[in-house]
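Shown next, in structure tokens, is the structure this report addresses.
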Amino acid sequence: MENIVLEVKDLRTSFFIDKKELPAVAGVSFKIAAGETLGIVGESGSGKSVTAFSIMGLIDSPPGKIMGGSILYKGENLLEKTEKEMRKIRGNKISMIFQEPMTSLNPVYTIGKQLAESLILHQNMTKKEAEKKAIEMLKLVKLPSPEKRIKEYPFQFSGGMRQRVMIAMALSCDPDILIADEPTTALDVTIQSQIMELIRDLNRKTGTAILFITHDLGVIAELVQNVIVMYNGKIVEYASVKDIFKTPYHPYTIGLLNSMPKIAGPREELKFIRGMAPLPGEIVKGCRFKTRCDYVTEECRMEEPPLYEVGDSLVRCWRFKK
Ligand SMILES: Nc1ncnc2c1ncn2[C@@H]1O[C@H](COP(=O)(O)OP(=O)(O)OP(=O)(O)O)[C@@H](O)[C@H]1O
Ligand SMILES: [Mg+2]
């Protein structure tokens, strides 16, 4: 039996704007095993961050509300926890790193103080122990001369270094799950690949399960074992990374792959997926992808397809109706 650390079941999260319900996550289910790396890909607005924030208990309410489903962390439903209980889990058992590291660091405190703070709070360490551990963590994320740098302030760090500090902070309490929400989009390409390599190393070294969110399939190709492709608040494909690249089934996944620049081989014109996703709150009859799909049939216009098993993959498309 796999050791499941997180199980999201039929998660539904909406925002209420002018008394209108705008569903952002519309029934998402997945599992993460201990030490697993799972990627979520999908275009802007597909509900990736809302899924992550729902797990962390960080959906602002109002305007947001979790409408249904459950989020089981080692079998316990996080949606039934109080804010006080969640504070013990967040940053401790489940950590998250965000897109823009500058906004998550406090400019008026030294890096060392900020790293030590969560260790003192969650792990009951003394100031001295916390400082020692902070230096250890900065070494782990390969920050040069950490003994000197813990006395510095966030503005003295480059973007890539700040993201290393954020990763150190997220991992300092030895969490079971690390959620990384587009942690490299604000960084330039070489720094991006260093950070990716670091996350991959840390997963191997510490055994922390990773939920990695990105809109770039290329980024996850070398990092994750399994991939969820989200479209308009729903999972349209759920497969191993090998299967996603070798045998993509959903027309949207195929479109994403075709719009990826290829490093090797002759230069080809990139194909983009035509059209646009439905607007938030737009009521769609049938498949949410139908207006952009080359394979659309009458059935697609009438009813939304369920997730079908195709080989080892799950695919939300009528083409795979049994
Ligand atoms: N605080 C909020 N208030 C209202 N609507 C929101 C809020 N946060 C998210 N949404 C809506 O929820 C939907 C999903 O947003 P989400 O941030 O999860 O997208 P995403 O997949 O993370 O996109 P991106 O790749 O741009 O980060 C969008 O339609 C967005 O407008
Ligand atoms: Mg996002």
Side-chain angles (χ1 to χ4, degrees), residues 6 8 10-30 38-69 71 78-79 94-104 159 163 166 170 177-187 192 195-196 199 210-221 223-224 227-238 244 250 252-253 255-257 259-260 272-273 275-284 288-289 291-292 316:
L6 188 78
V8 174
D10 198 28
L11 177 69
R12 286 177 292 119
T13 306
S14 293
F15 291 93
F16 288 83
I17 312 287
D18 298 330
K19 294 192 177 138
K20 197 170 175 243
E21 181 184 351
L22 310 177
V25 174
V28 160
S29 304
F30 59 88
L38 175 68
I40 303 185
V41 290
E43 64 198 347
S44 193
S46 56
K48 306 182 298 293
S49 295
V50 173
T51 302
F53 278 69
S54 301
I55 295 168
M56 295 297 287
L58 291 174
I59 293 289
D60 279 329
S61 181
K65 188 167 192 270
I66 294 185
M67 306 299 289
I71 298 169
L78 297 184
L79 299 180
I94 309 176
S95 286
M96 183 160 168
I97 45 176
F98 301 86
Q99 188 167 342
E100 201 357 281
M102 196 55 196
T103 52
S104 341
Q163 197 58 294
M166 291 312 300
I177 304 156
L178 173 69
I179 302 176
D181 189 1
E182 314 235 15
T184 61
T185 27
L187 307 171
Q192 244 182 47
I195 297 283
M196 298 301 295
I199 293 176
I210 291 174
L211 180 62
F212 195 91
I213 297 174
T214 174
H215 51 253
D216 184 350
L217 257 178
V219 166
I220 60 160
L223 179 78
V224 303
V227 185
I228 285 172
V229 181
M230 270 185 85
Y231 184 75
N232 199 229
K234 292 215 169 181
I235 292 175
V236 295
E237 188 151 355
Y238 189 171
I244 282 279
H250 197 283
Y252 178 62
T253 313
L256 279 182
L257 285 163
S259 61
M260 255 174 81
F272 292 100
I273 306 168
M276 268 170 49
L279 294 169
E282 189 178 324
I283 293 164
V284 181
R288 289 159 190 246
F289 192 64
T291 56
R292 308 173 77 179
R316 192 181 295 286

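Read the numbers this way: they start at 1 and go in the same order the structure lists the ligands and their atoms.
The residue from Tyr231, Phe53, Phe15 that puts a heavy atom closest to atom 8 (N) of ligand 1 is Phe15.
Note that CD1 of Ile244 and CG of Leu257 are 7.0 Å apart. Values are rounded to the nearest 0.5 Å. Note: Ile179 CD1 to Leu211 CG = 5.5 Å, rounded to the nearest 0.5 Å. Rounding to the nearest 0.5 Å places CZ of Phe53 at 8.5 Å from CG of Asp60. Interatomic distance, Leu22 CG to Thr13 OG1, rounded to the nearest 0.5 Å: 13.0 Å.
For atom 15 (O) of ligand 1, the closest heavy atom belonging to the protein is Val50 CG2, 3.7 Å. With hydrogens left out, the protein atom closest to atom 27 (O) of ligand 1 is Ser49 OG, 3.9 Å, a heavy atom. Protein heavy atom in closest approach to atom 25 (O) of ligand 1: Lys48 NZ, 2.8 Å. Nearest protein heavy-atom contact of atom 14 (C) of ligand 1 is Gly45 O, 3.5 Å.
For His250 and Phe289, the ring centers sit closer than 6.0 Å to each other.
Listed for the Ser14 side chain is no donor-acceptor partner under 3.5 Å among the backbone atoms of Lys65. The backbone N or O of Met230 lies less than 3.5 Å from no partner atom in the side chain of Glu43, so there is not a single donor-acceptor pair. Using a distance-only test at 3.5 Å, with no hydrogens or angles considered, no donor-acceptor pair links the side chain of Arg12 to the main chain of Gly69.
Numbered from 1 in the order shown, with element, the atoms of ligand 1 that lie under 4.0 Å from a heavy atom of Pro280 read 29 (O). Against a heavy-atom cut-off of under 4.0 Å, Ala24 is close to the following atoms of ligand 1: 12 (O), 13 (C), 14 (C).
Among the backbone and side-chain atoms of Ser49, an N/O/S atom is found under 2.8 Å from the Mg ion (ligand 2).
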Item to complete: Any chance you could lay out the side-chain contact (heavy atoms from CB on, under 4.5 Å) test for Leu6 and Ile71, step after step, and finish with the verdict?
Response: CA-CA 7 Å; Leu6 188 78; Ile71 298 169; 4.0 Å; yes
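Each of Pro23, Ser46, Pro278 was evaluated against Asn232; a single residue qualifies, Pro278, per the side-chain contact (heavy atoms from CB on, under 4.5 Å) test.
Under the 4.0 angstrom criterion for non-hydrogen atoms, Ser46 is in contact with ligand 1. The shortest heavy-atom distance from Glu182 to ligand 1 is under 4.0 Å.
By the 3.5 Å distance cut-off applied to N or O atoms, Pro63 is not counted among the residues near ligand 1. At a 3.5 angstrom cut-off on N or O pairs, Gly47 counts as close to ligand 1. Remark: ligand 1 and Gly42 share no N or O pair separated by less than 3.5 Å (distance only, no angle test).
Checking atom 18 (O) of ligand 1 against the protein gives a heavy-atom contact under 4.0 Å.
When non-hydrogen atoms are compared, ligand 1 lies under 4.0 Å from the backbone of Ser44 as well as from its side chain.
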